[in-house]
There are 2 protein chains.
Amino acid sequence: MEETNTLMDRLYGYLHKKGLKQTKQRDLIARTFFSLNTHLKIEELLVEVQKKDPKVGYVTVYRALKLLKESGLAHQRHFGEGQSLFEPAGGGHHDHMICIKCGNITEFEDEVIERRQEEVAKKIGFKIVSHRHEIYGACPKCQEE
Amino acid sequence: MEETNTLMDRLYGYLHKKGLKQTKQRDLIARTFFSLNTHLKIEELLVEVQKKDPKVGYVTVYRALKLLKESGLAHQRHFGEGQSLFEPAGGGHHDHMICIKCGNITEFEDEVIERRQEEVAKKIGFKIVSHRHEIYGACPKCQEE
DNA sequence: TCCTAATTGAAAGTTAATTTCAAATATCAT
DNA sequence: ATGATATTTGAAATTAACTTTCAATTAGGA
């Protein structure tokens, strides 16, 4: 996968810059994460990783994701309650629509909302650093039933 | 406080309807919560409640807030990480701006964003049940320094 | 007042995240 | 290639926030 290799290179660059090491576990975890290219719980990624190497433990996946987050290559999301999800930080900014029935997550981006939000903040003199906008409801598939 | 009494009446109505009991602890907790009228962690509300009655425990505050939530008189929010916050559900819907320096929370509501969000969802056939829109950054006061 | 179901509070249990630590491993300098 | 050394790994222990359990207490209708 093309994209995965680019992201791996970025990871190697970060590791080198920080004096950290390249290990086979980290390599496997990051590669798996990037190629799945979706929103995953730590446990879910662990399962995928263990298909390749059953000896890798939860903590190693946990730490690898933490590292990816620090390096800017992954985002950690906290939808609703429960475990957090990680997603590769490939494209630009986007927000999320979460199906409360099947759990499916759709990304969206809307220029009008983004701009309007800037205006709302400016009006009260608030300086935006980040934001999250999540829409919960039923995806098309789950409305059929 | 006028508003507090109205909310207390709504609570009593709910309790009666559900066959639940009116107790001095619940009364104190709800009254304190409504009169503070802000975003509070369970622990924070506990501290306030204990100023009046030191014997009230964490679990009782926890359960009282759960009840207020079920009755629609409080909303539970999960900003960032850590503990959740509860706020009285007095007014209508609103979203939040959170200062990442001082923790101050400002509410906002914008018709343009609300409407636009409906359109975005409609476009992909997603049926909105709820949403949350949080803006993180620096409040006016924290930008001065 | 009495009876019964609801409530309280302390302690125990749960869930997800995080830290600790000894053994293993990667990288740097020979 | 070899050795020295700092990093990494994985299991187990710890933490943090929330939730449940259970015996004793209390509210409120009969």
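Here is the naming used below: chain letters follow the sequence lines, and residue numbers restart at 1 for every chain. This is a predicted model, so every value here is computed, not measured.
Straight-line distance from the NZ atom of A/Lys66 to the P atom of C/dT19: 5 Å, rounded to whole Å. Rounded to an integer number of Å, the gap from B/Leu15 CG to C/dA6 P is 13 Å. Following rounding to the nearest Å, A/Leu67 (CG) and C/dA17 (P) show an atom-to-atom distance of 17 Å. Distance CD (B/Glu70) to P (C/dA6): 14 Å, rounded to an integer number of Å. Remark: P of D/dG28 and CG of B/Asp27 are 10 Å apart, rounded to the nearest angstrom. With rounding to whole Å, A/Arg63 atom CZ is found 19 Å from C/dA16 atom P. Distance, B/Tyr62 OH to D/dC18 C1': 6 Å, rounded to whole Å.
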(Q) side-chain contact (heavy atoms from CB on, under 4.5 Å) for A/Gln50 and A/Leu46? Distances and angles first, verdict last. (A) CA-CA 6 Å; A/Gln50 288 184 332; A/Leu46 176 64; 3.5 Å; yes
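Counting heavy atoms of neighbouring residues, nucleotides and ligands inside a 6.0 Å radius, atom NE2 of B/His16 does not exceed 12 of them. More than 12 heavy atoms of other residues, nucleotides or ligands lie within 6.0 Å of NE2 in A/His94, so this atom counts as buried by the packing criterion.
Put simply, the side chain of B/Asp9 does not reach to within 4.5 Å of the side chain of B/Thr6, judged on heavy atoms. Taking the side chain as every heavy atom from C-beta outward, A/Ile135 and A/Asp95 never approach each other to under 4.5 Å.
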Tabulated below should be each protein N or O lying under 3.5 Å from an N or O of nucleotides 12-17 of chain D; please produce it.
residue: D/dA17; atom: OP1; partner: B/Gln83; partner atom: OE1; Å: 3.1

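Between B/His133 and B/His96, a ring centre-to-centre spacing not shorter than 6.0 Å is recorded. Taking the six-membered ring for Trp and the full ring otherwise, A/His39 and A/His75 have centroids separated by 6.0 Å or more.
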Q: Indicate for each nucleotide in nucleotides 24-30 of chain C, in 5' to 3' sequence, whether protein heavy atoms under 4.0 Å reach the base (B), only the sugar-phosphate (S), or nothing (-).
A: --BS---
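Residues B/Glu48 and B/Lys51 are paired through a salt bridge, judged by an N-O separation under 4.0 Å between the basic side chain and the carboxylate. For A/Arg115 and A/Glu118, the salt-bridge test fails: no basic side-chain N is under 4.0 Å from an acidic carboxylate O. With salt bridges taken as basic N to acidic carboxylate O contacts below 4.0 Å, one links B/Arg132 and B/Glu134.
Listed by residue number, there are no residues of residues 41-54 of chain A with a heavy-atom contact under 4.0 Å to DNA chain D.
Among the atoms of the strands shown, only primed sugar atoms or phosphate atoms (P, OP1, OP2) are found under 4.0 Å from some heavy atom of A/Arg26.
In this structure, A/Gln76 contributes its side chain and A/Phe86 its backbone to no donor-acceptor pair below 3.5 Å.
OP1 or OP2 of C/dA17 has not a single side-chain nitrogen or oxygen of A/Lys69 nearer than 4.0 Å.
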